[in-house]
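Reading through the structure tokens given below for one structure.
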Amino acid sequence: MKLEPIVISAETHRGANAEYGRFLQGDILRLLPTLIEQYEGQVKLIYMDPPFQTGDKFTMRVRVGEEDWRRGRGSLTLPAFSDTLSREEYYDMMRQVLIGCKALLRDDGMLFLHVDYRTSARLRLLLDEVFGEENFLNEIIWAYQTGGRTRRYFSRKHDVIFFYRKTDRYDFNLEEVMVKPDAPKNNHMKRHVDPDGRVYRSMKVGGKVYTYYDDDPVAPSDVWNDLSHLQQRDPERTGYDTQKPLSLLIRIVRCGSRADELVFDPFCGSGTALAAAQYTGRRFLGVDQSPLVPNILRRRLMQFSYEMALQPSPNAPECDANLSAGVGFYEIQLNGVQFPEGSLPPSVSQWDAIDAWAAGYIVDGAFQCAAEARRSQRAPQLLNRLNVPVYSGQLALAIYDVMGGQHYYQIRPSEFNLS
Ligand SMILES: C[S@@+](CC[C@H](N)C(=O)[O-])C[C@H]1O[C@@H](n2cnc3c(N)ncnc32)[C@H](O)[C@@H]1O
């Protein structure tokens, strides 16, 4: 039976409420006033990794259908985001974002701004202007070895992460990011071995003896060369260009926040900061305007609770499904979809245009996902049946297309023969 499309602009996953994790799709400048209304003075940590003024248009290779999933490679290239603002537009946007972000921070909160050589000079000045020079804490050098090398100048193998506090009451959690010490230096301290076999060094200064164990954890300095960038075939890769490694974000999230506190990323891309927040038991708030981000987050945040506020998607397909009743559950069978003529790339068939689909209920105007079918490399075929428990409320189905669109339909059990 053909299902009736409905307009929905929010989704919840894993029974989430927006209190725990929240993603908003859209332009950060447009969303900031609402965010300030809702979250002023509540965010503990902001990490932001804005475009770097590369002048590039970034694309993503998306896996389409069983064949792509089986061979683990995407065959459809889609625009992800453009980094083509003029210098004036860019710095004007960044000024407004930084001012808004400062308003969102708690007094004990912090901001990490990730940049590279292209924008670091001007953004450092802008940060000083917005946060105050006295609130500058670090210029962190994140050094890595990946990527090609040039012989025309020294290869650029580091990014810069500026670290600012909102006030001098900031709550820096260094204990959570201690690291294993490097191999002990051949220093001039006396070497000892304690009864447990642990090596330590000692030094007498002013009549007092100081001891240091070789294996005592140490605090990282402002040069981070122990966290590698993603490799070409890194399992962590989502396919989103400019994705940062989870280990980097986990360090930032751990030192800048504590359990249950709110972490915000206004340019969240593939959601690395959101994943790091969830992994470490923090709440998150993320914004991005790319149409490809919601599908990535649905895969990446799969085990977690979160809400998404989404933009309407064009080209809703017709959706044909059947409903049958089990004991305490409905079985929904997706028979097929029909996207409007000309809305799919010629190489993509109707069924392959479905990246994933879900069934659930409409609760307070949001689609509450109860069951999802999505492809994976191990199970490249898309399931066409899902079971959802019988609750009261409006039963609904969602189609997520490979171009990043999400489309919703209501299912009226009374219209099916459920005997
Ligand atoms: C460098 S990427 C972030 C990558 C991310 N840190 C990750 O690990 O995947 C920058 C992101 O900013 C987003 N973006 C650019 N301008 C934006 C704007 N005005 N509002 C919201 N998002 C924006 C882009 O869509 C892109 O995903």
Side-chain angles (χ1 to χ4, degrees), residues 22-35 45-60 62 78-101 104 111-120 123 140 142 144 146 159-162 227-231 234 236-253 256 263-279 284-301 308-311 404:
R22 192 162 178 225
F23 166 75
L24 295 94
Q25 186 180 29
D27 180 350
I28 183 63
L29 287 186
R30 201 179 49 78
L31 292 169
L32 260 176
T34 322
L35 290 176
L45 167 70
I46 297 177
Y47 167 80
M48 63 168 94
D49 174 23
F52 289 176
Q53 281 269 278
T54 56
D56 292 337
K57 289 187 173 160
F58 289 92
T59 55
M60 177 173 170
V62 178
L78 294 171
F81 67 96
S82 292
D83 181 11
T84 51
L85 291 183
S86 71
R87 287 175 76 73
E88 289 332 301
E89 286 169 325
Y90 178 82
Y91 290 108
D92 185 49
M93 168 185 82
M94 288 306 294
R95 170 177 279 109
Q96 293 184 56
V97 172
L98 290 174
I99 292 171
C101 282
L104 292 174
L111 172 120
F112 288 77
L113 172 59
H114 193 139
V115 297
D116 77 359
Y117 65 93
R118 299 173 180 93
T119 57
S120 57
L123 287 180
I140 297 163
W142 173 46
Y144 41 79
T146 45
D159 289 1
V160 170
I161 304 173
F162 292 124
L227 304 174
S228 53
H229 212 324
L230 298 172
Q231 305 295 327
D234 205 302
E236 208 180 300
R237 274 197 187 274
T238 60
Y240 199 75
D241 260 347
T242 73
Q243 178 185 347
K244 301 300 178 295
L246 199 54
S247 56
L248 177 73
L249 268 299
I250 287 178
R251 178 173 294 170
I252 292 173
V253 166
V263 173
F264 175 44
D265 183 345
F267 300 96
C268 74
S270 67
T272 314
L274 316 191
Q278 290 203 319
Y279 179 76
F284 71 73
L285 184 60
V287 168
D288 203 288
Q289 65 182 13
S290 169
L292 305 185
V293 163
N295 272 348
I296 298 173
L297 295 184
R298 286 189 196 98
R299 280 183 194 282
R300 208 169 186 197
L301 304 176
M308 293 202 195
L310 299 160
Q311 303 280 318

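For ligands, and for the atoms within them, numbers begin at 1 and follow the listed sequence. Bear in mind that the values here come from a model prediction, so they are computed numbers and not experimental data.
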Discussion item. For ligand 1 and Ile28, I'd like to know whether there is a polar contact (N/O to N/O, distance under 3.5 Å).
Written reply: yes
Worksheet, complete the sentence: for atom 6 (N) of ligand 1, nearest protein heavy atom and its distance come out as Asp49 OD2, 2.7 Å
Worksheet item: Short N/O distance, under 3.5 Å, between Tyr47 and ligand 1?
Response: no
Item to complete: State, with a plain yes or no, whether a side-chain heavy atom of Leu111 is found less than 4.5 Å away from one of Phe162.
Response: no
Discussion item. List ligand 1 atoms under 4.0 Å from Gly269, heavy atoms only on the residue side.
Written reply: 9 (O), 27 (O)
Item to complete: Return the option from Phe58, Tyr240, Tyr90, Phe52 holding the heavy atom at the smallest distance from atom 27 (O) of ligand 1.
Response: Tyr240
Discussion item. Among all the protein's non-hydrogen atoms, which is closest to atom 8 (O) of ligand 1, and how far away is it?
Written reply: Thr272 OG1, 2.6 Å
Practice prompt. Report yes if the side chains of Tyr240 and Ser290 come closer than 4.5 Å at any heavy-atom pair, otherwise no.
Written response: yes
Worksheet item: Going by heavy atoms, is Cys268 under 4.0 Å from ligand 1?
Response: yes
Worksheet item: Can you tell which part of Phe267 has a heavy atom less than 4.0 Å from ligand 1: side chain, backbone, both or neither?
Response: both
Practice prompt. Tell me which protein heavy atom sits closest to atom 15 (C) of ligand 1, plus the residue, atom name and distance to 0.1 Å.
Written response: Pro51 CG, 3.6 Å
Worksheet item: Among the heavy atoms of Asp27, does any lie under 4.0 Å from an atom of ligand 1?
Response: yes
Worksheet item: Is there side-chain contact between Gln25 and Met308, with heavy atoms separated by less than 4.5 Å?
Response: no
Discussion item. Any non-hydrogen side-chain atom of Leu113 less than 4.5 Å from a side-chain atom of Pro50?
Written reply: yes
Practice prompt. Give me the ring orientation class for Trp142 and His229: parallel if the planes are under 30° apart, tilted from 30 to 60°, perpendicular past 60°.
Written response: tilted
Worksheet item: Who's the nearest protein heavy-atom neighbour of atom 21 (C) of ligand 1, and how far?
Response: Gly26 O, 3.3 Å
Discussion item. Can you confirm if the aromatic rings of Phe81 and Phe58 lie within a centre distance of less than 6.0 Å?
Written reply: yes
Worksheet, complete the sentence: Ranked by distance from atom 9 (O) of ligand 1, the top protein heavy atom is Ser270 OG, 2.6 Å
Discussion item. With heavy-atom distances below 4.5 Å as the criterion, would you say the side chains of Gln289 and Arg30 are in contact?
Written reply: no
Practice prompt. Give the atoms of ligand 1, by number and element, whose distance to some non-hydrogen atom of Ser290 is under 4.0 Å.
Written response: 25 (O)
Worksheet item: In the protein, what heavy atom is nearest to atom 13 (C) of ligand 1, and what distance, to one decimal place, separates them?
Response: Asp288 OD2, 3.3 Å
Worksheet item: Run the side-chain hydrogen bond (donor to acceptor under 3.5 Å, both in side chains) check on Thr238 and Gln243 step by step: do they pass?
Response: CA-CA 8 Å; Thr238 60; Gln243 178 185 347; 2.8 Å; yes
Discussion item. Counting non-hydrogen protein atoms only, what is the nearest one to atom 2 (S) of ligand 1? Give residue, atom name and distance.
Written reply: Thr242 OG1, 3.2 Å
Discussion item. Taking the side chain as everything from C-beta on, heavy atoms only, tell me whether Leu249 gets closer than 4.5 Å to Leu274.
Written reply: no
Worksheet item: Quick check: does Asp265 get an N/O under 3.5 Å from an N/O on ligand 1?
Response: no
Worksheet entry | atom 16 (N) of ligand 1: the protein heavy-atom neighbour that sits closest, reported with distance to 0.1 Å | Gln289 NE2, 3.6 Å
Worksheet item: Does the side chain of Ser270 reach to within under 4.5 Å of the side chain of Arg300, using non-hydrogen atoms?
Response: yes
Fill in: Heavy-atom side-chain proximity of Leu32 to Val287 below 4.5 angstrom
no
